[in-house]
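The next block holds one structure in the form of structure tokens; read it before the comments.
Along the sequence shown, residues are numbered consecutively beginning with 1. Owing to the predicted nature of the structure, the values given are computational and were not obtained by experimental measurement.
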Amino acid sequence: MPTYDKGDQVRVTATFTSNGVAADPTDNADDVTVTWRKPSGGTDATPTATKSTTGIYYVDLTLAETGMHTVKFAGTEGVIAAEIVELEVAHSVFD
């Protein structure tokens, strides 16, 4: 699992497949939802997924809290699937 510094901006990517082939969950990127759980326990459902290419979606996040961040991508039509990514922000003497 990658470790980041507080304040880093990261691109989190999810890949959706069907029968081993990259596939879009839907014809509309709005049907890929992103939920971001922060170390403080709050959940942010406002990040919007951007389609990079067929089946690959990403979101750019600024990590402003130390601890474990969990990001969930979910397809709600077509390829109904979810991918969860965990990111750790290390404590620093500057925090």
Side-chain angles (χ1 to χ4, degrees):
M1 172 181 351
T3 303
Y4 298 93
D5 295 316
K6 186 175 177 181
D8 282 352
Q9 184 175 38
V10 297
R11 176 164 286 181
V12 183
T13 304
T15 302
F16 293 90
T17 61
S18 178
N19 297 322
V21 177
D24 290 323
T26 180
D27 59 354
N28 185 350
D30 292 343
D31 290 328
V32 175
T33 60
V34 179
T35 304
W36 175 17
R37 183 170 303 271
K38 298 178 181 179
S40 60
T43 301
D44 186 344
T46 59
T48 301
T50 301
K51 180 178 173 178
S52 174
T53 189
T54 301
I56 300 176
Y57 293 79
Y58 69 88
V59 63
D60 293 324
L61 304 174
T62 300
L63 305 173
E65 296 180 21
T66 58
M68 188 65 64
H69 294 255
T70 305
V71 181
K72 178 181 177 182
F73 288 81
T76 58
E77 290 183 20
V79 179
I80 299 174
E83 184 166 345
I84 296 174
V85 178
E86 291 184 324
L87 309 159
E88 183 175 0
V89 177
H91 290 277
S92 164
V93 296
F94 299 105
D95 294 334

Original post:
Linking I/L/V/M/F/W/Y whenever any side-chain heavy atoms sit under 4.5 Å apart, do Tyr58 and Val71 land together?
Top reply: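 Cluster IDs for Tyr58 and Val71 differ.
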Original post:
With hydrophobic residues grouped by side-chain heavy-atom distances under 4.5 Å, do Val10 and Val89 end up in a single group?
Top reply: yes
Original post:
Between Thr54 and Ala22, which heavy-atom pair has the shortest distance, and what is it?
Top reply: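 Heavy-atom minimum between the residues: O-CB, 3.4 Å.
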Original post:
What's the shortest heavy-atom distance between Ala90 and Thr3, and which atoms?
Top reply: CB-CG2, 3.6 Å
**OP:** Return yes when atom NZ of Lys72 has more than 12 non-hydrogen atoms of other residues, nucleotides or ligands closer than 6.0 Å, and no otherwise.
**Re:**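 Counting other residues, nucleotides and ligands, NZ of Lys72 stays at 12 neighbours or fewer.
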Which distance, rounded to the nearest 0.5 Å, do you find between the [atom1] of [X] and the [atom2] of [Y]?
{"X": "Thr70", "Y": "Lys38", "atom1": "OG1", "atom2": "NZ", "value": "12.5 Å"}
{"X": "Phe16", "Y": "Ile56", "atom1": "CZ", "atom2": "CD1", "value": "11.0 Å"}
{"X": "Glu65", "Y": "Lys6", "atom1": "CD", "atom2": "NZ", "value": "8.0 Å"}
{"X": "Thr50", "Y": "Arg11", "atom1": "OG1", "atom2": "CZ", "value": "7.5 Å"}
{"X": "Asp44", "Y": "Leu61", "atom1": "CG", "atom2": "CG", "value": "8.5 Å"}
{"X": "Thr13", "Y": "Asp60", "atom1": "OG1", "atom2": "CG", "value": "8.5 Å"}

**OP:** Using the side chain to side chain contact (heavy atoms under 4.5 Å, CB included) rule, pick out the option among Thr48, Asp24, Thr15 that qualifies with Tyr57.
**Re:**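 For Tyr57, the side chain to side chain contact (heavy atoms under 4.5 Å, CB included) check succeeds only for Asp24.
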**OP:** Please assess Trp36 against Val59 for the test side chain to side chain contact (heavy atoms under 4.5 Å, CB included), listing each intermediate value before the final yes or no.
**Re:** CA-CA 10 Å; Trp36 175 17; Val59 63; over 6 Å; no
